[in-house]
J.: 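Next up is a structure, given as C-alpha cells.
Letters A, B, ... mirror the listed sequences (proteins, then strands); counts begin at 1.
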Amino acid sequence: MFETTRYEAGRRVRGTVLLSIGISLYAAFIVWYFTVLEGVSIEKLFEELPPAMQDAFGAESLSTIEGFLGAEVYSFIWVLGLGLYLAYVAGGMIAGDVENDRLDLLLSFPISRGRLLAEKFASLLLPIVVVNVVVGCAVYLLVDAIGESIELTHLALTHALSIPYLLVCAAIGTVFSVLVSRAAIAERGAIGLVFVLFLVESAVGSAEEYDWIQYISPTHYYDPTTLLVDGSYELIDSAILLLAFLALLLLSGIVFDRRDI
Amino acid sequence: MGTDPAETLPIEVTDLSKDYGEVLANDSLSFTVRTGEVFGFLGPNGAGKSTLIRMLLGLLKPTGGTATVLGADIHDEEALIEAKQRIGYLPAQLGFEEAVTGEEILDYHASMKGEQRVDELLDIFSPPLERPIREYSTGNERMLGLIQAFMHDPDLVIMDEPTSGLDPLMQEEFNEFVRRERDAGTTIFFSSHVLSEVRRVCDRVGIIRAGELVELEDIETLLDQGGKRVRVHTTDDASGEIAALDGVVDVTQFPDGVQFIYTGEYNALVEELARHDVRDVEISEPPLEDVFVHYYGTSGTEEGADGESAGEESPDRKSAGEESIDV
C-alpha cells in the first residue's frame, strides 16, 4: 500500500523544504515590516482604494498583527500563491507522465488506474501539510519575537482550514491533468482557472446583482483574515470545499479510467 | 508452466481491432502465443505494433474483438491487474524521471512488483545504479528497463522494440539473454521492425502490415528469402551486369553505382563482384518496408483496408449463440 505515494512524495521533499523556507522568510519580512509601520495609519491608506480592491487585499484591521498578517501573508500566499502552486503541480502530474512516455510503465503495474491517481494525488499532501506546519510555527515564533501575541487557536484554524481549500485547487489541477496530454497546457489551464476564480470572487463581491457568481469560487469558502482576527468560521464552508474536492477527484478518476493511454 | 497450455495460453488475441477514426491501427488481429516460446511481432514502423501491445496491457481500449493475457480478459480490469503481477513490460520509451537514480527506480518497481531476481539480473546487466537517470546512456537506460521487466520473475514478458538504441554487441547479448530466459520457461513476446533480429531469436513470428496480420504460413518463406540490400559503387557498365544477376530485385541505379535487394546465392554475388572494378560495397539488412515492397508490391505503412468491420463482429455473435444453446 502507498508505494506510489511514498515514491512520489520522496520526489517532492526538496520542493517542499524550499517552499517552506521561502514562505517563512517572507513571513519574517512581513512581521519585521509591521514593527516599522507601527504608528502609521495603514488603514487610511487602504480606505482610498475601491471596495473591491480592499476585499481582494483582505484589508481589515491592518493595524493589528493578525490583520496585517492576514492581508500580507495569508490572503496572498495561501489563497493565491499556494492555490496556484498546487493547481500547477497537480496539472503537470498525469499530463507530464503522458508527455514523457512515463505512464506506459506505471500503468503496467498491478494496480488500478484509480489507485495510481489517488496515490499520486496523495503525495501532494506532503507540501500541503508541511508548509502549513512549518510556516504556522514560524509565524507564531516571529510574532512572539517582536513582543506581539497572536491567538494560537486562530492561527491553528487558519492553517487547518486552508487544507480543504488547497485540496480543491490541487483537484482542479488534477482534472486538467487527466484531460490533456501536454503538461504545459494542463498547468496553464489549471493556474488560469484558479486565478480567474480568485478574481471573480473579489470582483463580484460588491456587485449585488451578480453576487451568486462568487459562490462558484473556492476562495469564497476560505477567509484567512477573518479567521486570524476573529477566529470565526463556518464549518459548512469547509464541508463544501471537501465535497468539491472529492467530486473533482472522482471526476478525474472517471476521466482517467476511460482514457486511452 | 506446469499448467495445461490449452487452458491458459500466455496471449490469445481474437479479432482484435483498434479504430482511431482516421486510422485503423489494428484490423481484426487473431493469433496465439504459446507457453515458453519467443514470439516476434514484426512490422514496419507505423504498422500498429505498439497499439496491439498497449491494448494487451489495458492502456488502450479495443474497438472490436478481445484478447486474454495469462488467462485474463483485457476488458476485465480486476483480472488484468491480477495477471500483471506475472507480466514484465519493457515499453519502447522508458521515460524514467531524469532526477531519480537507478536505484530509486528499482526500489519503486520492487515495491510494486517484487524483486526475486534483481540480484541475479544485476550480475548480467550493470547500469550505474547510484547515478541519476540524466547521466545514463541509452544503453544503460535500456539495461535498467530490462532489469525492471524481469525482476519479479514474470511468466510473460512483453517488449516493445527492445533492441532499438542498442549497439550490435549489446544486441547480441540481449539475444543470448532472451534465449536463456526462454529456456528457463519464460514466454517472451516482442515487437520489432528488424527482420534479422526476429529471425535470430524467435521461435515463431507474426507479421503485421497496415494493421493486418500476414498469414502465419507465409512467414517462413518471407524470413528465408528476405534477402540483403546491396549497394555497389562501380562503373555504369558493371552496374548493369551486376544487376542482371539471378535473385536481384528492386534495382535502383545512381550516378556511380547501383542498389538492389539480393535474394540469391552469396557465392554468386561475390564472384560477380570480383569480376568488376568495385570501389565500395555495402551489404546490409533491407528495411522491412523494402521486403514488403518486394513481396506484396506495396509498403506496409499505408492505411488498412476498409470493409472488415462485418467480419470482426461475427465470431462474437457465434460464441454468444453457442452460449445460448448451452443454456
Side-chain angles (χ1 to χ4, degrees), chain A residues 1-18 89 92-120 122-124 126-127 177-178 181-184 186 250 253-261, chain B residues 18-21 25 50-51 53-63 69-70 72 76-101 104-114 133 144-145 148-149 152 154 156-160:
Chain A
M1 275 306 259
F2 300 117
E3 298 85 2
T4 301
T5 304
R6 216 177 313 137
Y7 172 78
E8 296 283 338
R11 314 263 315 103
R12 300 197 188 284
V13 169
R14 223 172 96 98
T16 302
V17 169
L18 290 176
V89 173
M93 198 164 60
I94 298 293
D97 283 351
V98 175
E99 189 175 342
N100 297 310
D101 298 307
R102 194 173 300 141
L103 204 58
D104 265 38
L105 204 47
L106 297 183
L107 289 178
S108 77
F109 288 161
I111 59 168
S112 69
R113 288 183 178 219
R115 201 173 124 199
L116 184 74
L117 183 69
E119 287 206 21
K120 272 178 163 277
S123 73
L124 292 173
L126 182 81
S177 199
V178 294
S181 305
R182 295 229 172 276
L250 193 68
I254 292 169
V255 172
F256 187 43
D257 220 35
R258 299 199 169 175
R259 248 190 95 179
D260 264 356
I261 293 173
Chain B
K18 180 67 183 178
D19 191 349
Y20 284 112
S50 292
T51 300
I53 286 177
R54 300 174 94 225
M55 279 197 283
L56 291 180
L57 290 161
L59 309 186
L60 303 176
K61 285 162 192 68
T63 49
V69 187
L70 293 177
D76 181 352
E77 196 189 13
E78 289 287 315
L80 195 57
I81 289 169
E82 191 73 23
K84 279 179 186 174
Q85 292 176 342
R86 297 185 288 134
I87 298 175
Y89 175 43
L90 181 68
Q93 303 291 331
L94 287 156
F96 293 134
E97 270 165 301
E98 298 268 285
V100 184
T101 65
E104 286 174 282
I105 286 175
L106 287 188
D107 283 348
Y108 178 37
H109 281 256
S111 71
M112 299 300 292
K113 307 183 287 199
I133 298 302
L144 193 64
Q148 68 76 28
H152 53 301
L156 168 66
V157 177
I158 297 175
M159 298 188 272
D160 196 356

J.: So for B/Gln85, is it side chain, backbone, both, or neither that comes closer than 4.5 Å to the heavy atoms of chain A?
T.: both
J.: Salt-bridge test for B/Lys84 and B/Glu77: reply yes if a basic N is under 4.0 Å from a carboxylate O, no otherwise.
T.: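 No, no charged N to carboxylate O under 4.0 Å.
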J.: Regarding B/Arg54 and A/Ser108, do their side chains bring together a donor and an acceptor under 3.5 Å, going by distance alone?
T.: no
J.: Between A/Asp104, A/Asp101, A/Leu107, which residue shows the highest count of heavy-atom pairs closer than 4.5 Å to chain B?
T.: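 Ranked by heavy-atom pairs under 4.5 Å with chain B, first place is A/Asp104.
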J.: Among B/Glu97, B/Gln93, B/Met55, B/Arg86, which residue forms the greatest number of heavy-atom pairs with chain A at distances under 4.5 Å?
T.: B/Glu97
J.: Sub-3.5 Å donor-acceptor pair from the side chain of A/Ser181 to the main-chain atoms of A/Glu99, do we have one?
T.: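 Here the side-chain-to-backbone pair does not exist.
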J.: Please determine, among B/Lys113, B/His109, B/Glu82, the option with the most heavy-atom pairs under 4.5 Å with chain A.
T.: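 Ranked by heavy-atom pairs under 4.5 Å with chain A, first place is B/His109.
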J.: Can you tell me if A/Arg102 uses its side chain to pair, donor with acceptor, with the backbone of B/Leu94 under 3.5 Å?
T.: no
J.: Answer whether the closest heavy-atom distance between the side chains of A/Thr4 and B/Tyr108 falls below 4.5 Å.
T.: yes
J.: Using heavy atoms and a sub-4.5 Å threshold, report which of residues 5-17 of chain A line up against chain B, by residue number.
T.: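 Checking residues 5-17 of chain A against chain B gives A/Tyr7, A/Arg11.
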J.: Select one option (side chain, backbone, both, neither) describing which atoms of A/Leu103 are under 4.5 Å from chain B's heavy atoms.
T.: neither
J.: Does this structure show an ion pair linking B/Lys18 with A/Asp260, if we count only N-O contacts that are shorter than 4.0 Å?
T.: yes
J.: Decide yes or no for A/Leu117 and A/Asp257: does some side-chain heavy atom of the first lie under 4.5 Å from some side-chain heavy atom of the second?
T.: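 SC-SC contact between A/Leu117 and A/Asp257 ruled out.
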J.: To the nearest 0.5 angstrom, please state how far the CD1 atom of B/Ile158 sits from the OH atom of B/Tyr89.
T.: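 Rounded to the nearest 0.5 Å, the CD1-OH separation comes to 8.5 Å.
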J.: Salt bridge or not between A/Asp97 and A/Lys120? Use side-chain N to carboxylate O under 4.0 Å.
T.: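 Salt bridge between A/Asp97 and A/Lys120, a charged N being under 4.0 Å from a carboxylate O: yes.
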J.: Out of B/Val100, B/Leu57, B/Ile87, B/Asp107, which one racks up the most heavy-atom pairs below 4.5 Å with chain A?
T.: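 Looking at each option in turn, the highest pair count goes to B/Val100.
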